[in-house]
Structure formats: C-alpha cells, structure tokens
Amino acid sequence: MSRERAKRIALAPAQENIDKIKKVVDEGNCYGAQQMYKSFGARYISGDRYLEALDIFHSGACIQLENGQVTCGVELAVLFVETLVKGNFPYDDDTLDRIRKIYRKFPRISVPQHLDLAEDDDMQGLSEALGAAKTRAEGCSSFLKAAIKWSIEFGARKSGSPEIHDMLADYIYSESPELDMAKVSYHFVRGKNPKNFASTLVNFMGKCYPGEDDLAVARAVLMYLALGNLRDANVLMDEMKKQVQFREVDFPRSELMELISYLLKTLQRDALPLFNMLRQRYKSSIDREPIFSELLDEVAEKFYGVQRRNQMPGMFGELFKMMSGD
C-alpha cells in the first residue's frame, strides 16, 4: 500500500472531526480548537482531500467568528481561500456562497457613543473599541482580498468577483474606524450594485465634512468612467438624486459637480474637443484631488482612444493599488 493511499485511509470523514472540534469550542477552549482546525485541515490537504480540508476550515472560520474570536476566524478564513487555490477550485456560485457565509459571520459592532472623554474609563473603552474595530476591518479585508485574487485566477472577470468587491466595500464603509472613501469606491466600482453604492454615498454626504461630499461623488463617477462603465456611472448619479429627496441631505452643488454632469453627457457622443474643453474649463476643480487628472486621462483613452500623456508604465494601476490597500 502506498504512503499516499495510507494517508487517505487513516483520516476519518471531515464531519466527524468537525463535530469533535465543535465540542472543544463549546467547552470554551477556542485556542485549543484553533490548533485542531489547522492540524486536521493540513492533514486532509497532505492527503489530497481538498474538499474535506475546505469543510474543516469553513466550519472553523464560521464558528470562531460566531464566538467573537476574530483573529482565529480570519486565520481559518484565509486558509479556506488558500486551499481553494491549492486544490485548483474554479470560481462558481457554490464557492461564492461559502465565502459569503463566512463574510456574514464577521461581527458588526458599533463604536460606543455619547462617552465622556474626560473620564479615564470612557477613554479606555473608546480606545479598546476602536482597536477591536480596526482588527475586524483589517481581518475581513485580508480574507476578502485573498478571495478576490483567487476569483481572478480561477474564472471570474479580470478585475475579480463583483460580488466579493461589493462585500468588501460594504464592510470597509460600515466597520472601519479609519474610513477611506477612495478604498470604498475602488471596490464598489468593481462590484455590480451601483444603487447600493449610491445609498452609501448619500449616507456619507450626511456626515462628512464640508467639501468632502462633491469630491466623493466625483471620485466615484470618474472611477466608473475610467473602467469604461458609463452605464453604472449614470445609474449612480440618478439613484443618488432620487435618494436625497427622501433624506435630510442636499445633493452637492459645485463646479466639480457641473463638470461631472457635463462629462456624463459628453461621453454619450463622439465629442473629444468638448471633452478637452471641459478639462481646461474646470481645471481648478480637477486639481482639488491629484487622482482626478489621472482618471480623466484613462477616460480619454477608454472613450476616445487618446494615448496617455507622459505615460508611465503601470502608473494608473499603481494608483488604484494604493487605493485598494494592496
């Protein structure tokens, strides 16, 4: 009997071990259970039983996250994705559902409000809550970014699974204590739900500092356009204008918003001279954020075939990589 064959026979069905480890968790020994999840998962992988290794890691990630053990849950969630890669599993709806199930187990806990920061106990409580929120956001991000990379390699569109991008955008926005709307937008424009993105932007408009609202809207629209996606850029704008009517939020009015409005109309026809005129006319607004000029260069290339000026290899990709946090 070969050594490989012996390995396969020696291992019990995964469900038996999942049930065994679950009892350890129920006894309150999450650390001991973590070592068992990792050990059994590694054994199934070494025996080429990747499906059962996936079951072990998936169960462990969900259970640990349910019990508030975020660091342990993240470790197993990432091992789940790494096993997808090792086992050459294709991107499909069933696996996407398993990724979504892990994602939904990540805790969503509000940072304490109405604290008296003059009190040491309240200050310590806030500091601990912010630290825990950062751990959750970074952990969920590392898991979902790994899943996006797997999806690119194994069958999704070249920018990765739109569903996973939407999950990541939503979690960063709702849970990160250090909100970066550029990162949120980066993932939403690679998703498939511009209406949900519109809701997020309207929510942001209601709590951001003055002058941040039009920047966020313009960035979102230009990111869609830089990907050649005029349809979703228009859906985003139309949906935001609908939603602000039912909320106590004003849609931003500025020269930058004028530019975006004219730009969306211009790109519906072959009007490169008008496009260039808009860039010149609204240069001061474009200069409010360095990325805008780069995005417009990409828009010109996508819609009018204009070669980028002073093109630096990979420059646009590097800018997007910075925003995605990779």
Side-chain angles (χ1 to χ4, degrees), residues 50 54 57-58 61 73-106 136-176 179-198 200-201 219-233 235-236 291 294-295 298-299 301-302 313-326:
Y50 293 104
L54 287 176
F57 293 138
H58 188 270
V74 169
E75 184 180 22
L76 295 174
V78 171
L79 285 171
F80 175 83
V81 177
E82 289 176 355
T83 305
L84 291 174
V85 176
K86 289 177 183 176
N88 294 310
F89 287 91
Y91 175 77
D92 58 25
D93 289 341
D94 288 342
T95 306
L96 178 60
D97 284 344
R98 301 190 84 180
I99 289 169
R100 186 181 289 110
K101 184 176 180 180
I102 294 174
Y103 163 70
R104 288 175 175 167
K105 297 295 182 181
F106 274 86
R136 291 194 301 273
E138 290 178 348
C140 188
S141 293
S142 65
F143 160 55
L144 292 177
K145 285 178 183 177
I148 288 169
K149 290 178 181 178
W150 159 75
S151 74
I152 292 170
E153 186 176 353
F154 289 93
R157 61 175 67 172
K158 69 176 183 178
S159 61
S161 164
E163 291 87 354
I164 302 176
H165 276 294
D166 280 333
M167 292 179 216
L168 182 49
D170 180 69
Y171 201 85
I172 292 174
Y173 181 75
S174 63
E175 299 300 314
S176 177
L179 181 59
D180 185 337
M181 283 303 294
K183 290 182 181 179
V184 173
S185 299
Y186 174 91
H187 292 290
F188 263 129
V189 300
R190 284 158 176 75
K192 58 187 297 185
N193 198 337
K195 291 186 177 181
N196 189 38
F197 189 12
T200 298
L201 284 168
R219 187 189 304 116
V221 171
L222 290 174
M223 282 186 174
Y224 270 129
L225 297 177
L227 296 174
N229 191 347
L230 179 59
R231 182 197 64 188
D232 284 350
V235 170
L236 181 77
I291 188 66
E294 291 295 326
L295 290 168
E298 193 72 11
V299 172
E301 185 170 347
K302 282 284 193 301
M315 182 177 180
F316 188 69
E318 287 302 314
L319 285 166
F320 264 0
K321 186 179 289 186
M322 288 168 59
M323 285 187 287
S324 72
D326 291 340

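- Residues passing the side-chain hydrogen bond (donor to acceptor under 3.5 Å, both in side chains) test with Tyr103 are Arg108, Asp170, sequence neighbours excluded.
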For a side chain to side chain contact (heavy atoms under 4.5 Å, CB included) check, start with the C-alpha distance between Tyr171 and Arg136, then their side-chain angles and the critical distance, and finish with the verdict. CA-CA 9 Å; Tyr171 201 85; Arg136 291 194 301 273; 3.6 Å; yes

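- Met167 CE to Ile172 CD1: the interatomic distance, rounded to the nearest 0.5 Å, is 13.0 Å.
- Applying the salt bridge (Lys or Arg N to Asp or Glu O under 4.0 Å) criterion to Arg100, with sequence neighbours excluded, gives Asp97.
- In plain terms, the two heavy atoms of Leu96 and Ser161 that are nearest each other are CD1-OG, 4.0 Å.
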Decide yes or no on side chain to side chain contact (heavy atoms under 4.5 Å, CB included) for Tyr173 and Lys183, but give the supporting numbers first. CA-CA 9 Å; Tyr173 181 75; Lys183 290 182 181 179; over 6 Å; no

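- In this structure, the side-chain hydrogen bond (donor to acceptor under 3.5 Å, both in side chains) partners of Lys192, at least two apart in sequence or on a different chain, are Glu163.
- For Phe80, the ring pair (Phe, Tyr, Trp, His ring centres under 6.0 Å) partners at least two apart in sequence or on another chain are His58.
- Between Phe57 and Val81 there is no side-chain heavy-atom pair separated by less than 4.5 Å.
- With sequence neighbours left out, the side-chain contact (heavy atoms from CB on, under 4.5 Å) criterion links Lys195 to Asn193, Val235, Glu239.
- Listed by chain and number, the residues in a side-chain contact (heavy atoms from CB on, under 4.5 Å) with Ile152 are Ile148 (sequence neighbours excluded).
- Residues passing the ring pair (Phe, Tyr, Trp, His ring centres under 6.0 Å) test with Phe143: none are found, sequence neighbours excluded.
- Contact annotation: the side chain of Trp150 approaches that of Ile99 to within less than 4.5 Å [non-hydrogen atoms, C-beta and beyond].
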Report the C-alpha distance between Thr95 and Leu54 in whole Å, list the side-chain angles of each, state the deciding distance to 0.1 Å, and finish with yes or no for side chain to side chain contact (heavy atoms under 4.5 Å, CB included). CA-CA 10 Å; Thr95 306; Leu54 287 176; over 6 Å; no

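- Every residue two or more places apart in sequence or in another chain that forms a salt bridge (Lys or Arg N to Asp or Glu O under 4.0 Å) with Lys302 is listed here: Glu298.
- Every residue two or more places apart in sequence or in another chain that forms a side-chain contact (heavy atoms from CB on, under 4.5 Å) with Glu82 is listed here: Val78, Leu79.
- Under the side-chain hydrogen bond (donor to acceptor under 3.5 Å, both in side chains) criterion, Asn196 pairs with no residue, sequence neighbours left out.
- When atom types are taken as modelled, the side chain of Ser185 and the backbone of Ala182 share no donor-acceptor pair closer than 3.5 angstrom.
- Distance alone, capped at 3.5 Å, is enough to place a donor-acceptor pair between the His165 side chain and the Ser159 backbone.
- Applying the side-chain hydrogen bond (donor to acceptor under 3.5 Å, both in side chains) criterion to Thr200, with sequence neighbours excluded, gives no partner residue.
- In plain terms, the two heavy atoms of Ala226 and Val299 that are nearest each other are N-CG2, 3.7 Å.
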Under the side chain to side chain contact (heavy atoms under 4.5 Å, CB included) criterion, do Lys149 and Glu153 qualify, and how do the steps go? CA-CA 6 Å; Lys149 290 178 181 178; Glu153 186 176 353; over 6 Å; no

